[in-house]
Amino acid sequence: MNLDNFKINVLLQLILSTWEGGYNLQCQNLDSAGEADVRENLAPAAHVVLYIAVAKDRGGKNARFLGVSIAETPELNILGMSINLSSCNVAKVLWWYYFSKAIEFMDTIFFVLRKKNSQITFLHVYHHATMFNIWWCVMNWIPCGQSFFGPTLNSFIHVLMYSYYGLSVIPSMHKYLWWKKYLTQAQLIQFLLTISHTLSAVVKPCGFPFGCLIFQSSYMTTLVLLFVNFYLKIRRF
């Protein structure tokens with residue numbers, strides 16, 4: 001599976017798992033979805049992964065998706081990919097999202113090894129290095145609940161980005177890639193939506209840790225500032 005298909009899979013499973021868990025879009029705490037996420041007494045990351053591996057996902061006998069009973073059909077085939085609905089556990093999917101951050105951080109290492117110093121910007125290093133470390137903390141303490149929203153948007157944006165990268169290597173497709181200029185704008189919209197979603201849980205709390213919400217909105221603000229600076233630079237050329 002290439003990285004674009006991997007991101008599509010993560011995106012679809014995040015949507016399915018949060019839907020199955022009856023997640024509240026405005027604010028979702030850490031335990032009300034039961035076995036569709038992970039219970040409140042969280043262990044270190046290794047224990048979380050072990051728990052996920054053996055946890056029995058909620059069946060949802062009456063749950064339906066696109067008119068199909070989940071109880072009757074444990075698998076869906078979407079865009080040519082088989083999605084096992086019984087494995088759609090929010091924390092499990094977010095673990096794979098965390099794993100994808102490690103893959104993305106490898107970009108920086110490859111740039112260094114290939115001596116592509118011109119491509120190693122502060123934004124690139126800051127974004128990938130901090131995301132990897134922040135998500136280590138997320139998977140230790142808050143691997144479900146409100147944490148679902150940012151990765152869902154981010155996975156969608158990365159599907160667009162990797163689709164562009166893949167198509168850009170085909171010369172005959174270049175004339176259809178007019179939407180490249182909108183990618184940075186889409187990333188900025190993603191950050192602003194995530195900030196708005198995070199602050200909505202501050203205004204109307206649901207039990208998700210307050211400190212995590214403040215950190216999330218503050219961190220996303222730094223990304224907005226850095227990406228705005230990057231966007232203004234590329235607009236000058």
Side-chain angles (χ1 to χ4, degrees), residues 7 10-11 14-15 17-18 21 23-33 36-49 51-52 89-105 107-108 121-158 161 184 186-231:
K7 286 291 187 177
V10 169
L11 173 63
L14 266 174
I15 293 171
S17 58
T18 52
Y23 265 42
N24 187 327
L25 180 61
Q26 184 271 324
C27 185
Q28 178 67 32
N29 61 26
L30 292 172
D31 63 345
S32 64
D37 46 33
V38 167
R39 299 192 184 282
E40 190 172 12
N41 54 334
L42 300 175
H47 294 170
V48 171
V49 175
Y51 172 83
I52 292 167
N89 174 293
V90 176
K92 182 188 297 182
V93 182
L94 288 181
W95 188 90
W96 284 111
Y97 175 79
Y98 165 60
F99 179 72
S100 76
K101 296 295 109 179
I103 298 175
E104 291 168 16
F105 187 52
D107 283 347
T108 305
T121 64
F122 176 76
L123 171 59
H124 183 96
V125 176
Y126 175 80
H127 180 44
H128 286 172
T130 54
M131 283 292 285
F132 178 72
N133 286 285
I134 287 170
W135 271 92
W136 182 89
C137 296
V138 171
M139 293 312 300
N140 264 278
W141 296 293
I142 49 171
C144 53
Q146 193 78 351
S147 301
F148 84 95
F149 188 80
T152 305
L153 286 181
N154 189 249
S155 296
F156 174 71
I157 294 298
H158 277 81
M161 291 173 59
T184 304
Q187 287 176 297
L188 285 168
I189 291 171
Q190 167 205 187
F191 299 143
L192 292 173
L193 286 174
T194 303
I195 291 172
S196 299
H197 179 257
T198 303
L199 292 179
S200 72
V202 173
V203 175
K204 189 177 179 182
C206 64
F208 194 84
F210 178 79
C212 296
L213 297 172
I214 297 301
F215 177 83
Q216 164 90 337
S217 55
S218 300
Y219 172 69
M220 298 305 290
T221 300
T222 67
L223 291 182
V224 169
L225 295 174
L226 289 170
F227 271 83
V228 166
N229 181 60
F230 171 75
Y231 180 69

For Cys206, disulfide bond (SG atoms under 2.5 Å apart) partners two or more places apart
Cys27

Please set out all donor-acceptor pairs under 3.5 angstrom arising from side-chain atoms of residues 222-231, sequence neighbours excluded.
| unit_1 | atom_1 | unit_2 | atom_2 | d |
| --- | --- | --- | --- | --- |
| Thr222 | OG1 | Tyr126 | OH | 2.9 |
| Thr222 | OG1 | Tyr219 | O | 2.5 |
| Tyr231 | OH | Gln185 | NE2 | 2.8 |
| Tyr231 | OH | Arg235 | NH1 | 2.8 |

Check [X] against [Y] and note the closest heavy-atom contact, atom names and distance.
| X | Y | answer |
| --- | --- | --- |
| Ser147 | Trp135 | O-CH2, 3.7 Å |
| Leu153 | Leu193 | CD1-CB, 3.8 Å |
| Tyr97 | Met131 | OH-CE, 3.6 Å |
| Gly150 | Thr194 | CA-OG1, 4.1 Å |
| Pro143 | Leu94 | O-CD1, 3.5 Å |
| Val93 | Ser17 | CG2-OG, 4.2 Å |

Among residues at least two apart in sequence or on other chains, which ones pass side chain to side chain donor-acceptor pair (under 3.5 Å) with His197?
Gln146

Could you list the residues that satisfy side chain to side chain donor-acceptor pair (under 3.5 Å) with Gln190, not counting sequence neighbours?
Asn154

In Å, rounded to the nearest 0.5 Å, how long is the span from [atom1] of [X] to [atom2] of [Y]?
| X | Y | atom1 | atom2 | answer |
| --- | --- | --- | --- | --- |
| Ile157 | Phe191 | CD1 | CZ | 8.5 Å |
| Lys92 | Leu14 | NZ | CG | 13.0 Å |
| Gln216 | Phe208 | CD | CZ | 8.0 Å |
| Leu11 | Ile15 | CG | CD1 | 4.0 Å |

Please assess Phe148 against Leu25 for the test side-chain contact (heavy atoms from CB on, under 4.5 Å), listing each intermediate value before the final yes or no.
CA-CA 9 Å; Phe148 84 95; Leu25 180 61; 4.3 Å; yes

Could you tell me which residues satisfy side-chain contact (heavy atoms from CB on, under 4.5 Å) with Pro209, sequence neighbours excluded, listed by chain and number?
Leu30, Ile142, Cys212

Residues at least two apart in sequence or cross-chain that pass side-chain contact (heavy atoms from CB on, under 4.5 Å) with Phe210, listed by chain then number, are Val202, Ile214

Identify, with sequence neighbours excluded, every residue that meets ring pair (Phe, Tyr, Trp, His ring centres under 6.0 Å) alongside Phe132.
Tyr98

Given side-chain contact (heavy atoms from CB on, under 4.5 Å), test Ile134 with Lys101 step by step and report yes or no.
CA-CA 10 Å; Ile134 287 170; Lys101 296 295 109 179; over 6 Å; no

Please walk me through it: do His127 and Glu104 pass side-chain contact (heavy atoms from CB on, under 4.5 Å)?
CA-CA 10 Å; His127 180 44; Glu104 291 168 16; 5.6 Å; no

Could you check if a side-chain atom of Val10 sits within less than 4.5 angstrom of a side-chain atom of Ser100, using non-hydrogen atoms only?
no

Any sub-3.5 Å donor-acceptor pair from Gln26's side-chain atoms to Ser200's backbone N or O?
yes

